[in-house]
Amino acid sequence: AQFLMDMIDTTTELGKGMISMYEKYDALRFSGYIQPQWQLAGSKGASSYAGGDFGAAVNNRFTLRRGRIRVDYERYNKEGMPVVQFAFQFDGTERGVFIRDFYGRFLETKFNLFSLAGGMFARPFGYEVNLSSADRETPERGRMSQILMKTERDLGAMISFEPRRPDHPLRFLKIDIGAFNGQGLTSTTDFDSHKDIIGRAGIKPQKLKRSGIILSGGVSVLYGGMQQFTNYVNRMGTVNGHPGFITDSSLSNAGKIAPRHYYGADFQLKIPNGKGRGYTQFRAEYIRGEQTATAATSETPGIIPVGSDGKYLPLYVRPFDGAYLYFIQHLGSDKHQVVVRYDWYDPNKKVKGMEIGAPGEGLTPADVRFNTLGFGYLYYANEHLKFTLYYDMVKNESTRLSGYTDDLKDDIFTARMQYRF
Amino acid sequence: AQFLMDMIDTTTELGKGMISMYEKYDALRFSGYIQPQWQLAGSKGASSYAGGDFGAAVNNRFTLRRGRIRVDYERYNKEGMPVVQFAFQFDGTERGVFIRDFYGRFLETKFNLFSLAGGMFARPFGYEVNLSSADRETPERGRMSQILMKTERDLGAMISFEPRRPDHPLRFLKIDIGAFNGQGLTSTTDFDSHKDIIGRAGIKPQKLKRSGIILSGGVSVLYGGMQQFTNYVNRMGTVNGHPGFITDSSLSNAGKIAPRHYYGADFQLKIPNGKGRGYTQFRAEYIRGEQTATAATSETPGIIPVGSDGKYLPLYVRPFDGAYLYFIQHLGSDKHQVVVRYDWYDPNKKVKGMEIGAPGEGLTPADVRFNTLGFGYLYYANEHLKFTLYYDMVKNESTRLSGYTDDLKDDIFTARMQYRF
Amino acid sequence: AQFLMDMIDTTTELGKGMISMYEKYDALRFSGYIQPQWQLAGSKGASSYAGGDFGAAVNNRFTLRRGRIRVDYERYNKEGMPVVQFAFQFDGTERGVFIRDFYGRFLETKFNLFSLAGGMFARPFGYEVNLSSADRETPERGRMSQILMKTERDLGAMISFEPRRPDHPLRFLKIDIGAFNGQGLTSTTDFDSHKDIIGRAGIKPQKLKRSGIILSGGVSVLYGGMQQFTNYVNRMGTVNGHPGFITDSSLSNAGKIAPRHYYGADFQLKIPNGKGRGYTQFRAEYIRGEQTATAATSETPGIIPVGSDGKYLPLYVRPFDGAYLYFIQHLGSDKHQVVVRYDWYDPNKKVKGMEIGAPGEGLTPADVRFNTLGFGYLYYANEHLKFTLYYDMVKNESTRLSGYTDDLKDDIFTARMQYRF
């Protein structure tokens, strides 16, 4: 050992260059993935949470769903404990080049327990929001995750508790809590002074003895909101004896904060099928709470909501819930896998089905519940290449709203390749 | 050998780190180039296919024509045959940051003959479209290539036949065939359900015995089209005894596919001038077919063509042809080179010169033929740095159209540096 | 040495791969930094040169001020003299992905004195404009630098004189002179044919004997301008016995060049405090000259200035001056540092205070002088991580202009982390 060190260190230019190169590149890591895909929709112009709505004349398309290049940098102290980590991630597709993760993390080395992160990174809420699409078995996150926390990330600062010494008694625990702007990557800047507080307490994967079963889970909360820019705030009540929106137009409404409060729990179970035969996995997550948006949509606004007349729109506060369930099974080999996911998102728990669409109640397609059942087959050709075939059966409630009296023809078939390094 | 391996593998941290770094970076390749240039146009506000139109008050400008960073990843199996390749390429200039190549290729290793590519990559049509600007001797592709296939690339999937074993009898052959959206990088999404089928069969460079002359060539076809969004489709016919556009307004037109059919052939000849003295080269390509666009332009539309009144525009189908001829000569040294290129693009073969511009025939500047004769001198300072001086003499037909009765003052001089690694 | 070389070169695949990797990566250097920050403004909607204006309802915000990834490539000849250098730098934040430095430099090796750069790079003017934000002790450049030369860089070509041999008698000298478009990164293309000539002659850091004090400085000139697109050009004169703008409406004005002439001088002084105890530093720069912009702003226009009615705006030529003074002190350790900066920018030297705002004189908020006093504390946790706390006291003249009769509430507090590799 010493022999090689000495030799490299003190003699040839090549040797010196190698040492210098080693020091330059050792802490650096490049990674990336590309997801080209072809999709077929149940009808032309289908609305979709599987990669965005289809054009009015389009029922099939090639897209580059994601194209990611990431640079990670990590430094350790002499005891091998991390001191600083940071990441730059770009997304490049035919739709443009944008950032994804751009953040740094400072880790204290006195207790090796706490860290402080700042920048753009995934909100510490739930499981699916934090699972990279490169690792996920389904092409997209569920409808609920996309509506509540589009592009997953937000700009803020977060303190984490996560013991880093292998012998720490709380080694199984991870707690994150942070403050965030609220809009994430859906706009270029914050539009109010209010910040979202988001936190999760989770159990990291624990192997249950003998059985080899691996269990993990957590509870999450997002306690945030957005400023009300008009006097008009709509909440669910009773209209003509039916559930409907009631407008509160107190002058004092403007300037107050409308709620965005989410409460969630998730667990993951991984059962080994035997050496080289993969796993059986179950995952579930349930979220409920209050979401503020507008009449036409329940998606978290990225900018102050504004109408076609240029005026600020009244806000709508909806009690929602939603969930997803995954069943994932290897087919006797690490290379073949099937996945079934059922998820629902009910934007407005106070009404359902044919109750929606009566005159005067102020309900819109944004109040319609969707259930999605998806089936997929995955083939892992090698560690760099994955093929996915996935079919999403998207089912909406039948309501009395025009266009939503029956199930929409919005099933989506996706054939995707994923290249990854 | 074994000695070094053992030593590195089993002893110092540095040794282990070196191995690990080697594995991280060996399959990865970074490359890039920058093309800053200064240009002088024959008049202020000149229209140009040499880097885009000049501003109304501008006859000279600095631009960053291209700024490319590319990451390639490639894996081989134990027999040294490629298994997977993928590429990420960004273009960054003062005009923004966009993707260029973002694709992956999966190569079967049973026959080592076929591969499947998916993502954003150059259309498999012709020679010039597939030749990188970093290698090209002229600053820009010819007018025809830019009008028909702007930014060269499209989103799709392609199957290739290309024997990879050195002893395969068809080793000289390469056949590509793929399906593509049609818009390429000119828009963010496909606007119809119709796809373009594109293919090329080519002979890879073959050394003719004794002489050392290297010959290559191919034939290409693009069989595509675009949906008609109105009832109005214009095709060439006879108007008042002269050639002109005739409007077909059958109600059944809307929804049908207007043709984009290109047929091309190309060859390349490379004659060695002797050791260290470079080459004499000839290249030629001819393309003809039918192109669909609008009254005002024959460029392939990136979005559904729409007028200033917000209504969909009627389509125009034109029979076109075009070609280019290159003569490239080293000046007694690898470092000095001259190039002459003649190219033409005739967007509408049914009319010429003074026939264009008569009342009622519906012809526009988009029907005017342009011939371009360009001269260039290249100096290769080293393998990373190239200087180009190039003068484009752009000549249009004289017509009876206002503004096109004489040759436009749109010659362009370009002085370019290219930095490359 | 030879032993290792031989062994690597001629035996194992690993050895060969290592050599090949070394050659691939040795000339390449990756670097980058991320600056997440939280800011609090003196009032909602505060205008600011500390990272841009605050939203109307915002007095605090998280932002990613800068997110930079840079690739450098450098080649040397056998004598160890640089031959070619080039750089690609991207900025990625929640506001988008853009280029910063994208340029190349060709260095002659006959005299090792001259070099030619081309592309997008920092204007060779002054000291602050060329000091990277990663190294600067204050979060932002002064108001003057931002107004005159936003984003610092411009597109052009530059010749530099800088002796590269260690024994050259003029080794202390660096002279740059170049021609540039004028808009820099504030627009996607040049809007006129006129170019800015920019140059600086500087003394590189010189150690004064015994004392160890390090001194540097320079003088700079920007001699440029912009085309006048209307007949109306306003210059300072006397209106009703007071200073005010007088409109020159000669028909011959259109097409002439309005001046952008800056003259500056700067110096930097660095006094060592003793081993491991850091430095005491002073920096100063003064710039004066003539700036052309519009009634509403004195910022260098990126596009032809146009009013809300779509017509070209008349230009305003203002005699300006401005300066900054830095005092920087380590606190007995390399890890702790304080900084005080005082800077002013007087956009219009011909008027001051209560003279501004009388009817008929045509003065606007763009003519108001601002003085800024900033205090900061910096903690360098390690070579990759820096924390900055900074408070900017921004003080405008009291004038008779509505909204500018008193000091605006636009002080800004910034808490920033900087991750860097």
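A, B, ... follow the sequence lines: proteins, then strands. Residue 1 opens every chain. Everything numeric here is computed off the predicted structure, so don't read it as measured data.
Heavy-atom distances place both the backbone and the side chain of Leu64(B) under 4.5 Å from chain C. Only the side chain of Ala381(B) comes within contact range of chain C, with heavy atoms under 4.5 Å apart. Contact of Val71(C) with chain B is made through the side chain alone, with heavy-atom distances under 4.5 Å. If you measure heavy-atom distances from Arg65(B) to chain C, you find no contacts under 4.5 Å at all. Only the side chain of Tyr25(C) comes within less than 4.5 Å of a heavy atom of chain B; its backbone N, CA, C and O stay farther away.
A salt bridge is absent between Asp190(C) and Arg61(B): the closest approach of a Lys/Arg side-chain nitrogen to an acidic carboxylate oxygen does not fall below 4.0 angstrom. A salt bridge links Glu152(B) with Arg141(B); the closest basic N to acidic carboxylate O contact falls under 4.0 Å. Salt bridge present: Arg153(C) and Asp101(C) bring a charged side-chain N and a carboxylate O closer than 4.0 Å.
Chain B forms the most heavy-atom pairs under 4.5 Å with one residue out of Phe98(C), Phe88(C), Phe229(C), and that residue is Phe88(C). Contact count against chain C (heavy-atom pairs under 4.5 Å) is highest for Ile69(B) among Asn382(B), Thr63(B), Ile69(B), Asp26(B). Per-residue counts of heavy-atom pairs under 4.5 Å with chain B were compared for Gln227(C), His194(C), Gln183(C), Arg75(C); the largest is that of Arg75(C). In terms of heavy-atom pairs under 4.5 Å with chain C, the best-connected choice from His384(B), Arg95(B), Met417(B) is His384(B). With chain B as partner, the option from Gly184(C), Ala179(C), Gly96(C), Ala87(C) having the largest number of non-hydrogen pairs under 4.5 angstrom is Ala179(C). Contacts with chain C were tallied for Thr93(B), Val58(B), Leu28(B), Leu385(B); Val58(B) has the most, counting heavy-atom pairs under 4.5 Å.
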- Task: Apply the test side chain to side chain donor-acceptor pair (under 3.5 Å) to residues Asp411(B) and Tyr391(B): give CA-CA distance (whole Å), side-chain angles for both, the deciding distance (0.1 Å), then the verdict.
- Result: CA-CA 7 Å; Asp411(B) 289 3; Tyr391(B) 189 83; 3.0 Å; yes
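Dense packing is recorded around CZ of Phe375(B), with more than 12 heavy atoms of other residues, nucleotides or ligands lying under 6.0 Å away.
A ring-centre distance under 6.0 Å is found for Phe180(C) and Phe121(C).
A ring pair (Phe, Tyr, Trp, His ring centres under 6.0 Å) with Phe106(C) holds for exactly one of Tyr419(B), Phe387(B), Tyr379(B); it is Phe387(B).
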